[in-house]
Amino acid sequence: MAGRFAPRHPRADVRGGIPRQGLAPGRVRVWVPDGPLELGLVLGPLRRGPGDPTFRTTPDGAVWRTSRTPAGPGTLRVTARGDEVRGEAWGPGAEWLLERLPRTLGADDDPSAFVPRHRLLALTRHRRPGLRLTRTGLVMESLIPSVLEQKVTTLEAYQAWRILVRKFGEPAPGPAPGRMCVMPSARTWALIPSWEWHLAGVDDKRASTILRAVRVAARLEEAAGMEPAAAQARLEVVPGIGPWTSAETVQRSHGAPDAVTVGDLHLPGIVGFALGGNRYADDAEMLRLLEPYAGQRHRAARLVLLSGRVPGRRAPRMAPRGIERI
């Protein structure tokens, strides 16, 4: 039950985290991808809203990320210049982040496996050749924010993630931009009291799902080494994690090109409108339209979203519930 154990004061957690290292140089790796690569497209799915404490872009074009790796917290800065990509990392997890840099930037992905059978997808792929599917190799950092996004507006989910990470996470190692944090450890998530979930706008159902997940975090992280379908099956053993959440997770942790998101409020209508002219398409219709892209259905859906061909809004945005005010 949330709040069963009271954690240390959150400010003490932050002060006891990894100290910032000023302008100390980090470990560096330079990598040359074998084709076009657009950092914003590849790493963008890892960003949970404009105020995400674990993700930042800076005016110089650099992308900053924090992660809780098997070796510990780390900060990664990625820049692209010409044909080269330069990664610089700080913290105990620096070596791990740099070793996996190519995979994080889509080295394991094979865009040529996608054969467009619709003019819109062909045009979009031609215009955005730098799309690759990231593979972080980390499950929990994608699973927890995906649970927070269940059945609420994106604004509510992003706000909850921002509040909880800033309050219970650790300062980002190295000279990261201000207020960047590393997400809490599994133990810290488990010790967040019930009233803190409530103040962050997280209902008991989502909080309970996260608490069940972090209790078996080690077993769930093992899924990073499985095939995407097997990883989804393991995640869905946890009550509260269904096909929508598991797909959203393995799309990022595994770079799964076929993990299409079902059960989404908007995606079926967007795909239905773009590929079949049907703005009222349901999951079954979406899957029928994506059937020619079996093995690459997630990539097809990404290209649809990048095309900008979406049906016009016909109702006001869903208003946030704001349960933290209750």
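Sequence positions, counted from 1, serve as the residue numbers for this chain.
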Is there a donor-acceptor pair under 3.5 Å between the side chain of Q150 and the backbone N or O of G240? yes

Got a sec, which residues hit salt bridge (charged side-chain N to carboxylate O under 4.0 Å, His left out) with R127, two or more places apart in sequence or on another chain? none

Going by heavy atoms in the side chains, are P171 and M180 under 4.5 Å from each other? no

Are W197 and D204 packed together at the side-chain level, in the sense that at least one heavy-atom pair is separated by less than 4.5 angstrom? no

I would like to know whether L143 and T245 meet side-chain contact (heavy atoms from CB on, under 4.5 Å); could you show each step before the answer? CA-CA 7 Å; L143 175 62; T245 307; 3.8 Å; yes

Salt bridge (charged side-chain N to carboxylate O under 4.0 Å, His left out) for R135 and D108? Distances and angles first, verdict last. CA-CA 8 Å; R135 182 177 181 179; D108 290 345; 3.3 Å; yes

Check K151 with E156, please: is the shortest side-chain N to carboxylate O separation under 4.0 Å? no

Mind jotting down which residue pairs meet the ring pair (Phe, Tyr, Trp, His ring centres under 6.0 Å) criterion with at least one end in residues 233-261? Sequence neighbours excluded, please. none

Any idea which heavy atoms bring P111 and L131 closest together, and the distance? CG-O, 4.1 Å

Point-to-point distance, once rounded to the nearest 0.5 Å, from CD of E141 to CD of E221: 8.0 Å

Rounded to the nearest 0.5 angstrom, the NZ-SG distance for K167 and C181 is 12.5 Å

Without swapping roles, check the side chain of D52 against the backbone of R47 for a donor-acceptor pair under 3.5 Å. no

Which heavy atom of T136 sits nearest a heavy atom of S253, and at what distance? OG1-CA, 3.4 Å

Taking 4.0 angstrom as the limit, do R132 and D34 come out as a salt bridge? yes

Residues L306, L41; criterion side-chain contact (heavy atoms from CB on, under 4.5 Å); working and verdict: CA-CA 9 Å; L306 289 173; L41 288 183; 3.6 Å; yes

Pairwise distance NE2(H118) to OG(S307) - rounded to 0.5 angstrom: 9.5 Å

Tell me, please, which residues at least two apart from S142 pass side-chain hydrogen bond (donor to acceptor under 3.5 Å, both in side chains). none

Counting distance only, does the side-chain N/O of T124 pair as donor-acceptor with the main-chain N or O of L120 below 3.5 Å? yes

Look at the side chain of R77 and the backbone N and O of E88, then say whether any donor-acceptor pair between them is shorter than 3.5 Å. no

Check the pair I241 / V238 against side-chain contact (heavy atoms from CB on, under 4.5 Å), numbers first and verdict last. CA-CA 6 Å; I241 297 177; V238 178; 3.7 Å; yes

Going by salt bridge (charged side-chain N to carboxylate O under 4.0 Å, His left out), name the residues that satisfy it together with R68, two or more places apart in sequence or in a different chain. E170

Contacts of E248 that satisfy side-chain hydrogen bond (donor to acceptor under 3.5 Å, both in side chains) - sequence neighbours left out: R252, T261

CZ of R206 to CG of L211, rounded to nearest 0.5 Å, is 12.5 Å

M286 and V310: same hydrophobic cluster, using ILVMFWY side-chain contacts below 4.5 Å? yes

When hydrophobic residues are tied together by side-chain contacts of less than 4.5 Å, even through go-betweens, does V250 share a cluster with M226? no

Go through the structure and list residues passing side chain to side chain contact (heavy atoms under 4.5 Å, CB included) with P145, not counting sequence neighbours. R48, W161

Residues T154 and E149: side-chain donor-acceptor under 3.5 angstrom: no

Does atom CG of D110 have more than 12 heavy-atom neighbours, drawn from other residues, nucleotides or ligands, at distances under 6.0 Å? yes

Can you sort out the partners of D258 under salt bridge (charged side-chain N to carboxylate O under 4.0 Å, His left out), two or more places apart, ordered by chain and number? R297

Would you please name every residue forming a side chain to side chain contact (heavy atoms under 4.5 Å, CB included) with E95, sequence neighbours left out? R27

In this structure, OG1 of T69 is separated from CD of E99 (nearest 0.5 Å) by 11.0 Å

Do Y293 and L121 pass the side-chain contact (heavy atoms from CB on, under 4.5 Å) test, and can you show the C-alpha distance, the side-chain angles, and the key distance before you say yes or no? CA-CA 11 Å; Y293 309 103; L121 299 183; 3.4 Å; yes

R65 side chain reached by T54 side chain, heavy atoms, under 4.5 Å: no

Could you list the cluster mates of V42? Members are the ILVMFWY residues connected by side-chain heavy atoms closer than 4.5 Å, either directly or through other members. W31, L37, L39, L43, L46, F55, V63, L76, V78, V85, W96, L97, L98, L101, L105, L138

Test question: given the 4.5 Å side-chain rule for I, L, V, M, F, W and Y, name all other residues clustered with V182, or answer none. none

Minimum heavy-atom distance between A224 and G137, given as atom pair plus value: CB-O, 3.5 Å

Grab the two heavy atoms, one from W64 and one from P177, that are nearest each other, plus how far apart they are. CD2-CD, 3.4 Å

Hydrophobic cluster membership, with links at side-chain heavy-atom distances under 4.5 Å among I/L/V/M/F/W/Y: are V216 and M183 in one? yes

Using salt bridge (charged side-chain N to carboxylate O under 4.0 Å, His left out) as the criterion, list what pairs up with R234, not counting sequence neighbours. E222

For the atom pair NE2 (H126) and CG (L303), what is the distance rounded to the nearest 0.5 Å? 13.5 Å

Connected via hydrophobic side-chain network under 4.5 Å: L287 and V304: yes

Are any of the side-chain heavy atoms of R128 and E38 separated by less than 4.5 Å? yes

Does any part of the side chain of P268, heavy atoms only, come nearer than 4.5 Å to the side chain of E285, both counted from C-beta? no

Smallest separation among heavy atoms of L267 and L305, with atom names: CD1-CD2, 4.2 Å

What is the minimum heavy-atom distance between F114 and A300, and which atoms define it? CE1-CB, 3.8 Å

Establish whether V147 and Y158 are linked, either directly or via other cluster members, by ILVMFWY side-chain heavy-atom contacts under 4.5 Å. no

Between S246 and T249, is there a side-chain donor-acceptor contact under 3.5 Å, judged purely by atom types and distance? no

Donor-acceptor contacts under 3.5 Å from residues 271-278 side chains, at least two apart:
from : atom 1 : to   : atom 2 : distance (Å)
N278 : OD1    : Y280 : N      : 3.0

Side-chain heavy atoms of L133 within contact of H298, under 4.5 Å: yes

Using only heavy-atom distances, determine whether the side chains of R299 and Q296 contain a donor-acceptor pair under 3.5 Å. yes

